[in-house]
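Not measured: the values here are computed from a predicted model. Chain identifiers are assigned alphabetically (A, B, ...) following the order of the sequence lines, protein sequences preceding nucleic acid strands; residue numbering begins at 1 within each chain.
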Amino acid sequence: MELPKSYIAKEHEAHIYDVWLKSGAFKPSKTGDNFSILMPPPNANESLHVGHALMVTVEDVMIRHARMNGKSTNWVPGTDHAGFETQVVYEKKLQKEDKSRFDFTPEQLRSNIREYVLAQQETILSQIKALGASCNWGELYFTLDQNIIDVAYQTFSKLNKDKLLYRAKRLVNYCVKHGTSFSDLEVEYEDRQGTLTYFKYPIKNENDAFITVATTRPETMLGDTAVAVSPNGKHKSLIGKKAIIPLINREIPIIADDAVLNEYGSGCVKVTPAHSHIDADIATRHKLPTIEVIDNRGKMMGDIPKDLIGVKSAEARAMIVEKLKQLNLVEKEEAINHRIGVCYKCKTPIEVLPIEQWWVSTKPLAKKAIDAIKKNQITITPKESKRNIVAWLENIIDWNISRQIVWGIPIPAWYKKQVAGSREPVLRSELRRAQQGAGSEIKIQVDSPGTGWEQDKDTFDTWFSSTQLPFAALGYPNSEAYKNHFPTSTMETGADILYFWVARMIMMSLYVTGEVPFKHIYLHGLVLDAQGKKMSKSKGNVVDPITLMDQYGTDALRWAVIHGTTAGQNFNMTLDRVIGGRNFANKIWNAARYVLAAGQGTENRENGAVNSEHKALTSSPLGKLDQLDKYDQLDLSIKINQQIISKLQKLIADVNKAFATNQYGFATDLIFDFFWHEFCDKYIEESKTLLKTPQTAPETQKVLLTCITSSLKLLHPFMPFVTETIWQEFESHKLVDEKLLILAKWPNETIGK
RNA sequence: GGAUCCUUAGCUCAGUUGGUUAGAGCGCCUCGUUUACACCGAGGAGGUCAGAGGUUCGAGCCCUCUAGGAUCCACCA
């Protein structure tokens, strides 16, 4: 059968993937050292983006390379319930239908989202397959699988027993739009225009004496419990006196604290411990009380002027400034550009609120992680990241793991119901407090302790359970996969979740299993658009990998994301890269067509690769030499042949070195350069002459075949489809011995010797 | 403010432990199609490797400083 002049990826990919699947190649083999990767689970609700394409490609390269080197590979795929993110997506969907989360009971909402997610998940799984991922589908996990939930519960309980878990009303970062708290990592900072308002607090018992404070949040004055000044600053003389909060006439002390900068603003800080992290620290140092004035809807509350109750904080701000102006207490207003914390999804400013949450004491956990990293029990590519991860762990703060959303793992804590109060709770904050019973009896267990107990309404931060995936997804503690493949070999993931996920996985794994979760971390960079800008739907600069795969082939896309890229380094995704990949696949295809013709002899070929003149000379088909092993002793007599084989040997050695140091982009450079410029441009051209002479033809045939088969092997991890398609063609002509390229042996550096 | 990375051909970037004449892809110019491949080939133009100083027999690579850019962390009310 005549091979067409161009490689048409679409005609082969589905079939080839099927052949691999049926061969059992994706499963761990019975022999060989273990090599395992846990696939970072893509969100089940989204479809494949080019970042996933990068992730899947890099991991597939690692796995295929390990497999060809005789390892028993286990690449465990999964999808993520992605608690908050999915709930946001689902709420947007509800919004389009003119509904909101408040139209459902939590149980209804949870079951609706589950249904939606399980339906969505098929899309991303089929797209991962389309990328050629050679993962072990038999071990597919979903982060809400019962065994993963069980592990999360065991860990929660263990943390509690070890006194590393506590429930406390502490300041949390809260998005009033989404109605949930976040950990410190989930808060994003944005530059926003704001107004720094300077206003005067009268000094007690001193007529016409004032202290001026500057703030961007005048409404929080109602919750002030002190004014702080620099210990040796310009307001030193006021320390110890009392200031009076206007509008509510509450007396507060003037204190000295090192956190206050004499030079900034007015040199005085109003201290609102309920709504500012820094103020809370000051309050702790000076044992100041905490007065809440903003509730979890972002509205004013508490013992404040009646007209302000229930008013949104931003509106209250304007009202208060107006009132203060009327009292002549506003000194000046200054426009400033400042950074404020915002919800990373909706960009709503984060409110800092004191809320009862579950906290993990992270310091002791981090200590073990730091030790393991410093002792190189875990290594990192790029190695510069080691410093970052250690620094983050050293400065870690306690982790709020409660989220006020329904889509997630319910927290296995129970509260004794309070005796009904004088009135029904009205505000959601009151309701929650009543339900979760601040100060009431708490039991940590999965099942209800009995009547009169109510379960915590919150769910875990998705990262709390995700950080246990390296062992939980493998079936900890009793499964074969856990016993054989834990710790996993490499954690390949985005540099952007180094702290969110990677650092915390190390902590949790050492804590729960006593072992590191993986031996090596490989971080890939961000895929940017052609101009080097972050891709985002709102910018409309998102590159869709599916379209590219359809048009140029999966190998072209894989090539585009790995050729010329470096670990941890962002790169710009351009169409040129993909076209380059497509062209290279086609080059491989055509070189193979040439060798196939040269190798088979040409007697039956109308448009044979070698022209009719060669027919008689190459009619002794290489197909009879069906043991490639024989090429270990090529015993070459022709200089050109010796040269190309020696270059091939060097290539294999260099590529091995590149793999050993995780330089995949560099490996593709080496192979590309050899294949195109040495093998195709020079050697194939020279072989045309050699094939004309009976004395030189047979040896040249062997060398051609050796070069192409070795190149196909080296290229297979990167471009699995075109290489396997060609291999199957060679196999059908008995030019190669190994049935499947995916299971073929990685070439030896001494090939041909 | 702290940290990391980057600055090499018009553009995007390689350059593996310092070692002859610094490379690739794309783009550009000339030529070429019964030739494995025009998704191609042959040839060519194009670089004081950001700047300055230092170490060295030798520096794109190591050290110091300067300038510009990116990212992460902290965050000032």
Q: Let me know the distance between CD1 of A:Ile8 and P of B:C37, rounded to the nearest Å.
A: 14 Å

**Q.** Under 3.5 Å: donor-acceptor pair, side chain of A:Ser732, backbone of A:Glu729
**A.** yes

Q | Nucleotide B:G23, atom C1' - distance to CZ of A:Phe666 in whole Å | A | 11 Å

Q: For nucleotides B:A50 and B:A9, find the distance between their P atoms and express it as a whole number of Å.
A: 8 Å

Q. With sequence neighbours excluded, what pairs up with A:Phe674 under the ring pair (Phe, Tyr, Trp, His ring centres under 6.0 Å) test?
A. none

Q | Between A:Tyr174 and A:Phe182, ring centroids under 6.0 Å | A | no

Q.
Could you tell me how far B:C62 sits from B:A14 if I compare only their P atoms? Round to whole Å.
A. 15 Å

Q: Could you tell me the separation between the CD1 atom of A:Ile726 and the C1' atom of B:C37, rounded to a whole number of Å?
A: 12 Å

Q) Passes salt bridge (Lys or Arg N to Asp or Glu O under 4.0 Å), A:Lys374 versus A:Glu394? Steps please. A) CA-CA 12 Å; A:Lys374 284 193 172 165; A:Glu394 282 172 344; 3.4 Å; yes

Q | For A:Tyr499, all residues meeting ring pair (Phe, Tyr, Trp, His ring centres under 6.0 Å), sequence neighbours excluded | A | A:Trp392

Q) Would you call A:Arg285-A:Asp281 a salt bridge at under 4.0 Å N-O? A) no

Q) What is the nucleic acid contact for A:Thr566, judged by heavy atoms within less than 4.0 Å: base, sugar-phosphate only, or nothing? A) sugar-phosphate

**Q.** Atom NZ of A:Lys10 with >12 non-hydrogen neighbours under 6.0 angstrom
**A.** no

Using a cutoff of under 3.5 Å, can you pull out all pairs of nitrogen or oxygen atoms linking the protein to nucleotides 24-29 of chain B, with atom names and distances?
{"residue": "B:G25", "atom": "OP1", "partner": "A:His677", "partner atom": "NE2", "Å": "3.2"}
{"residue": "B:C26", "atom": "O2'", "partner": "A:Asp576", "partner atom": "OD2", "Å": "2.9"}

Q.
Check the phosphate of B:C37 against A:Ser6, side-chain N and O only, distance under 4.0 Å to OP1 or OP2. Yes or no?
A. no

Q.
Could you write out RNA chain B as dot-bracket? Rules: Watson-Crick or G-U wobble, both distances under 3.5 Å, brackets [ ] for crossings, | for pairs with another strand, dot for unpaired.
A. (((((((..((((.....[...)))).(((((.......))))).....(((((..]....))))))))))))....

(Q) Can you build the contact string for nucleotides 72-77 of chain B? Use B for base contact, S for sugar-phosphate-only contact, and - for no protein heavy atom under 4.0 Å. (A) SS-BBB

Q | Whole-angstrom distance between B:C6 and B:C75, as gauged at atom P | A | 28 Å

Q. Looking at residues at least two apart in the chain, or sitting in another chain, which of them share a ring pair (Phe, Tyr, Trp, His ring centres under 6.0 Å) with A:His563?
A. A:Trp559, A:Phe672

Restricting both atoms to N or O, compile the protein contacts to nucleotides 6-12 of chain B shorter than 3.5 Å, with distance only.
none

Q | Spacing of the C1' atoms in B:C61 and B:G54 (rounded, Å) | A | 15 Å

Q) When the distance from CG of A:Asn590 to C1' of B:U35 is rounded to whole Å, what number comes out? A) 13 Å

Q: Measure the distance from CZ on A:Phe679 to C1' on B:C37 and round it to the nearest whole Å.
A: 13 Å

Q | Of the listed nucleotides B:U16, B:C5, B:C37, the one nearest the side chain of A:Glu384 | A | B:C5

Q) Between A:Lys650 and A:Phe571, who's closer to the 5' end of RNA chain B by nearest nucleotide? A) A:Phe571

**Q.** Which residues share a side-chain contact (heavy atoms from CB on, under 4.5 Å) with A:Thr566, sequence neighbours left out
**A.** A:Gln569

Q | A:Asp191 and A:His338: side chain donor to acceptor below 3.5 Å | A | no

(Q) Please report the distance, rounded to the nearest Å, between CZ in A:Arg582 and P in B:C39. (A) 7 Å

Q | Pairs satisfying salt bridge (charged side-chain N to carboxylate O under 4.0 Å, His left out), at least one member in residues 564-589 of chain A, at least two apart | A | none

Q: Take the protein atom CG of A:Asp654 and the nucleotide atom P of B:G15, then report the distance between them rounded to whole Å.
A: 14 Å

(Q) With rounding to the closest Å, how many angstrom separate the C1' atoms on B:C49 and B:U21? (A) 15 Å

Q. Between B:C29 and B:U34, how far is it from one C1' atom to the other, in whole Å?
A. 28 Å

Q. Looking at residues at least two apart in the chain, or sitting in another chain, which of them share a ring pair (Phe, Tyr, Trp, His ring centres under 6.0 Å) with A:Tyr201?
A. A:Phe199

**Q.** salt bridge (Lys or Arg N to Asp or Glu O under 4.0 Å) between A:Lys688 and A:Glu686, worked out
**A.** CA-CA 5 Å; A:Lys688 288 173 184 172; A:Glu686 282 163 345; over 6 Å; no

Q) How far does the C1' atom of B:A52 sit from the matching atom of B:U7, given to the nearest Å? A) 15 Å

(Q) Once salt bridge (charged side-chain N to carboxylate O under 4.0 Å, His left out) is applied, do any residues pair with A:Lys534, and if so which ones, sequence neighbours excluded? (A) none

**Q.** Residue list, side-chain contact (heavy atoms from CB on, under 4.5 Å) with A:Asn586, at least two apart or on another chain
**A.** A:Ser6, A:Tyr7, A:Trp589, A:Asn590

Q) Given B:C40, is OP1 or OP2 found less than 4.0 Å from the side-chain N or O atoms of A:Lys5? A) no

(Q) Taking B:G27 as the reference, what is the distance to B:C39 when you measure between their P atoms (whole Å, please)? (A) 12 Å

(Q) Rounded to whole Å, please give me the gap between NZ in A:Lys587 and P in B:C40. (A) 7 Å

